[in-house]
Each structure stands twice: as C-alpha cells, then as structure tokens.
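As the structure is a computational prediction, the values presented were derived from the model and not from experiment.
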Amino acid sequence: MTKNLDVCKNDCMGILPMLSLEELHDFDTFELSEIINSLEYAIRYTKECSFTFSCFGKEETSEKVKTVTNELEGYLENVKGVQRFKINEKKKMEHLLKDVNA
C-alpha cells in the first residue's frame, strides 16, 4: 500500500487530472451535478482513508491523503462555481425571454 502511495505522490500529487474552467463550461448543469456528486463521494472516501491511516499510526500516509482531499475540495468549489454561473445565466435568459414575450 505504501509503495502505491509513493508512486501516486511522485506521479499525481499536485497534478490530479482536473478539467479547466473553460472545459467545465462545456458541460450542462446535469452533467456538472454528476461531477459534483462524484467529487463529494471521492472526498468522503479519502477522508475515511485518512482517518483509517491515522488510527493505524500511518501519519505520513494520512497527510498525503489529506493533501489529495484538499485538492479535491478546491476542485469541487470550482465545479460548483461553474454550475452556479450556468444556472444564473439560464435564469437570466428565461427572465429576458419572459420580458420579450410579455
């Protein structure tokens, strides 16, 4: 397990495969909701792993998992921001169309 985490540390830390904000704008609100649900699940899972490692005295591994969790939480906030933006734009468009048709 530690060997696998060392490989992840060398290969993945700080460069988790995440979409840019421009790429996230290509998704619709339903797809963004699915991404949000997946990220929330991943965050819960990594927090459970961190707790488990800390219980078994693997503090160094626990800290690595916390780092990944923090990156996921930051990315989650970006995705939620894009989703809020898209929802607000949709509401503005609906309001504009309602005013035009009135």
(request) May I ask you to test the R44-E40 pair for a side-chain heavy-atom distance under 4.5 Å? (result)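 R44 vs E40: side chains touch.
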
Inter-residue atom distance [X].[atom1] - [Y].[atom2], 0.5 Å rounding:
X: L97; Y: K92; atom1: CG; atom2: NZ; answer: 14.0 Å
X: I87; Y: K91; atom1: CD1; atom2: NZ; answer: 6.5 Å
X: H95; Y: N88; atom1: NE2; atom2: CG; answer: 13.0 Å

(request) Identify whether F85 and L24 are in the same connected component of the hydrophobic contact network (ILVMFWY, side-chain heavy atoms under 4.5 Å). (result)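 As far as the 4.5 Å side-chain criterion goes, L24 and F85 are not connected within one cluster.
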
(request) Give the cluster check for V65 versus Y45: same hydrophobic cluster or not, with ILVMFWY residues linked at side-chain heavy-atom distances below 4.5 Å. (result)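 Different clusters.
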
(request) With F27 as reference, evaluate V82, L19, V79 under the side chain to side chain contact (heavy atoms under 4.5 Å, CB included) test and give the passing residue. (result)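 The side chain to side chain contact (heavy atoms under 4.5 Å, CB included) with F27 is passed solely by L19 among V82, L19, V79.
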
(message) Testing the basics here: between I43 and L72, what is the closest heavy-atom pair and its distance to 0.1 Å?
(response)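 Closest heavy-atom pair between I43 and L72: CG1-CB, 3.6 Å.
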
(message) Under 4.0 Å between a side-chain nitrogen and a carboxylate oxygen: does that hold for E89 and K86?
(response)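 Judged by the 4.0 Å cut-off on N to carboxylate O distance, E89 and K86 do not form a salt bridge.
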
(request) Look at K66 together with E71 and state whether they make a salt bridge at an N to O cut-off of under 4.0 Å. (result)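 Salt bridge between K66 and E71, a charged N being under 4.0 Å from a carboxylate O: no.
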
(message) Keeping E23 on the side-chain end and S20 on the backbone end, is there a donor-acceptor pair under 3.5 Å?
(response)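 Checking the backbone N and O of S20 against the side chain of E23, a donor-acceptor pair under 3.5 Å is found.
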
Under 3.5 Å, which donor-acceptor pairs link side chains of residues 29-36 to any protein atom two or more places apart or in another chain?
from : atom 1 : to  : atom 2 : distance (Å)
E31  : OE1    : D28 : N      : 3.0
S33  : OG     : T29 : O      : 3.0
S33  : OG     : Q83 : NE2    : 2.7

